[in-house]
Every structure is written in C-alpha cells, then in structure tokens.
Chemist: 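Pasting a structure here, questions to come.
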Amino acid sequence: MTRRLRLGVNIDHVATIRNARGGHHPDPVRAAHTAAAAGADGITAHLREDRRHISDRDMERLANEIALPLNFEMAATEEMVAIALRHRPHAACIVPERREERTTEGGLDVAGHVETLRPLVGRLVEAGIRVSMFIVADPRQLDASKAIGAPVVELHTGAYCDAEGEARDREFARILAAAAHAEAIGLECHAGHGLSYDTVKPVAAIATIAELNIGHFLVGEAIFIGFEASIRHMRALMDEARNR
Ligand code: PXP
C-alpha cells in the first residue's frame with residue numbers, strides 16, 4: 001500500500017514580508033489557517049536566534065491558535081529548548097544555525113556532536129515532542145541520529161534542488177539511498193529545503209519518505225497565484241508522484 005505523504009507548510013517568509021515593514025501584515029497565523037484550508041498536514045516555523053522572521057509572539061500564537069500539528073524548527077541551544085518545552089509543539093526539528101547565513105545552509109553534524117545532542121534530544125523526547133534531525137543524506141549522520149535517540153530525520157534537499165543535470169542526479173541518488181537507510185534502521189524520514197514545482201516530484205515518489213517541509217517557494221508563488229492555490233498545486237504534484 002502506498003503511504004500517504006504529509007505536507008508541512010513553512011510560513012517563515014510570510015513573517016519575512018511582514019517584518020520588512022514592521023506592523024502586523026501579512027500575519028503568519030492567518031497564513032497557517034490558509035495552509036490548513038489548502039490541505040497542509042502541518043505548519044512549520046523556524047524561530048531563529050536573530051528573530052529575522054518568526055517572532056516569539058508568533059510562536060506563542062501558533063502554539064495556541066492553530067489546529068494542525070506544529071513543527072518547531074530550532075537550533076540546538078538552551079534558549080530554544082526552553083521555548084520548545086514551554087510551548088510543547090507536536091514536533092521539533094533540530095537545525096544548524098549561523099547568524100550570517102541567508103538560510104539553513106547545510107545539515108546538522110550529528111555525528112560530530114553526539115555527546116551534546118544526546119541529552120538535548122532526550123529532554124525534548126521526554127516532553128513528548130517528536131524530534132527530527134535536519135541532516136545531509138549521509139549514512140553516518142543517520143546512524144548518529146538513531147544512536148542519540150531521535151525518532152525522525154529530515155534530509156536536506158537543498159543541494160539536490162540547486163544542482164543541475166548529472167550533478168542533480170547524483171544528489172538525488174544520495175537522498176534515495178539515505179531514505180532506504182532510514183527505513184532499514186527504523187527512523188521516520190522527512191525531507192525539505194529548496195523544493196519547488198520542478199523538483200518536488202522525484203522526492204515525493206520515494207515511498208519511504210513520510211513528510212516534506214516546504215516554504216520559500218510556496219510563499220513566492222503566492223505572489224502570482226495566491227497562497228492557497230500554490231499549496232494546492234504543490235499538494236497535487238506530491239500526490240501525483242506518490243500515487244503513480
Ligand atoms: N526544512 C528545514 C529543516 C528548513 O530549515 C527549511 C527552511 O527553513 C525548510 C525545510 C523549508 O525550506 P524552503 O523554505 O526552502 O522550502
């Protein structure tokens with residue numbers, strides 16, 4: 001039987017547009033409600049250390065006001081753990097973060113930080129939060145994620161999306177192999193970063209991937225066709241690829 005593929009809609013860049021002018025418009029919580037109406041299975045938001053898009057108040061409102069499961073993207077810091085434990089989102093995705101980067105550029109080096117990440121992940125898991133590690137498609141990082149007790153990994157699709165031709169094929173082969181490895185060692189597998197209408201289908205067709213998290217492209221496309229329509233079209237492409 002084909003497993004259903006979930007779509008987590010990342011609303012960070014609704015907040016980016018709002019923050020360009022200050023004030024309240026456009027409201028990320030309204031965007032979350034629109035995403036729910038358009039068929040999203042979850043809402044994803046990244047509270048960055050520098051608060052460049054999502055704010056503390058946004059997180060509080062998302063935790064209290066939306067019905068869909070909330071996936072809190074967070075750096076592995078004490079400050080973010082405290083916020084996660086306060087709001088108890090459905091899920092937390094641990095991401096690497098450097099202040100100077102434009103977006104989350106690489107995966108988390110779980111294998112290189114096992115001793116610091118194990119207790120941090122343990123506290124979140126104990127609080128009933130489903131923890132995922134945002135990693136590049138490398139078996140070492142998958143094995144380390146399993147070893148520290150994370151139940152889920154999210155594979156970074158940025159390199160696949162950025163590459164072209166044979167280089168893209170090579171990146172895709174890595175994602176395919178990593179998704180199979182995740183299944184073999186008992187990890188739930190998600191994927192995301194940089195996905196668009198052009199790049200989503202091969203990833204959506206990987207039957208062992210349970211969830212895609214997509215944001216920037218959907219918010220950009222909303223300028224032309226509306227947020228609800230952009231999500232509906234992405235959802236349709238995902239379903240088409242998965243059900244083929
Ligand atoms: N997954 C993770 C872990 C991310 O950090 C991001 C970007 O915030 C995404 C998915 C979504 O990426 P994009 O906005 O490029 O679709």
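Scope of the values below: all heavy atoms of this structure, side chains included, with no hydrogens, waters or symmetry mates. This structure is a prediction, so every number in the text was calculated from the model and none was measured. Read the numbers this way: they start at 1 and go in the same order the structure lists the ligands and their atoms.
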Chemist: Which of the numbered atoms in ligand 1 are below 4.0 angstrom from a heavy atom of N10?
Modeler: 8 (O)
Chemist: Against heavy atoms of N213, which atoms of ligand 1 measure under 4.0 Å?
Modeler: 10 (C), 11 (C)
Chemist: With heavy atoms under 4.0 Å as the rule, classify the contact between L218 and ligand 1 as side chain, backbone, both or neither.
Modeler: neither
Chemist: Using the ring of Y160 (Phe, Tyr or Trp, six-membered ring only), decide whether R174 places NZ or CZ under 6.0 Å from its centre and within 45 degrees of its axis.
Modeler: no
Chemist: Is it true that the side chains of S55 and D58 contain a donor and an acceptor less than 3.5 Å apart?
Modeler: yes
Chemist: Looking at ligand 1, would F134 count as a contact under a 4.0 Å heavy-atom criterion?
Modeler: yes
Chemist: Side chain, backbone, both or neither: which part of H156 has a heavy atom under 4.0 Å from ligand 1?
Modeler: neither
Chemist: So between E211, H190, E73, whose heavy atom ends up nearest atom 6 (C) of ligand 1?
Modeler: E73
Chemist: More than 12 foreign heavy atoms under 6.0 Å from NE2 of H113: is that the case here?
Modeler: no
Chemist: So if I count the atoms of ligand 1 from 1 in the order they appear, which ones are less than 4.0 Å from some heavy atom of V95?
Modeler: 3 (C)
Chemist: Judging by distance only, is a nitrogen or oxygen of H13 under 3.5 angstrom from one on ligand 1?
Modeler: no
Chemist: Using a distance-only test with no angle check, is there a side-chain donor-acceptor pair under 3.5 angstrom linking N71 and E73?
Modeler: no
Chemist: Could you tell me whether some N/O pair between G215 and ligand 1 is separated by less than 3.5 angstrom?
Modeler: yes
Chemist: Output the list of atoms in ligand 1 that are nearer than 4.0 Å to some heavy atom of D12, sorted by atom number.
Modeler: 8 (O)
Chemist: Will you find, in the side chains of D143 and H181, an N or O donor that is under 3.5 Å from an N or O acceptor?
Modeler: yes
Chemist: Based purely on interatomic distance, does G194 place a nitrogen or oxygen under 3.5 Å from a nitrogen or oxygen of ligand 1?
Modeler: yes
Chemist: Just by distance, do the side chain of T34 and the backbone of R30 share a donor-acceptor pair under 3.5 Å?
Modeler: yes
Chemist: Using 4.0 Å as the upper bound for N to carboxylate O, is an ion pair formed by E228 and R232?
Modeler: yes
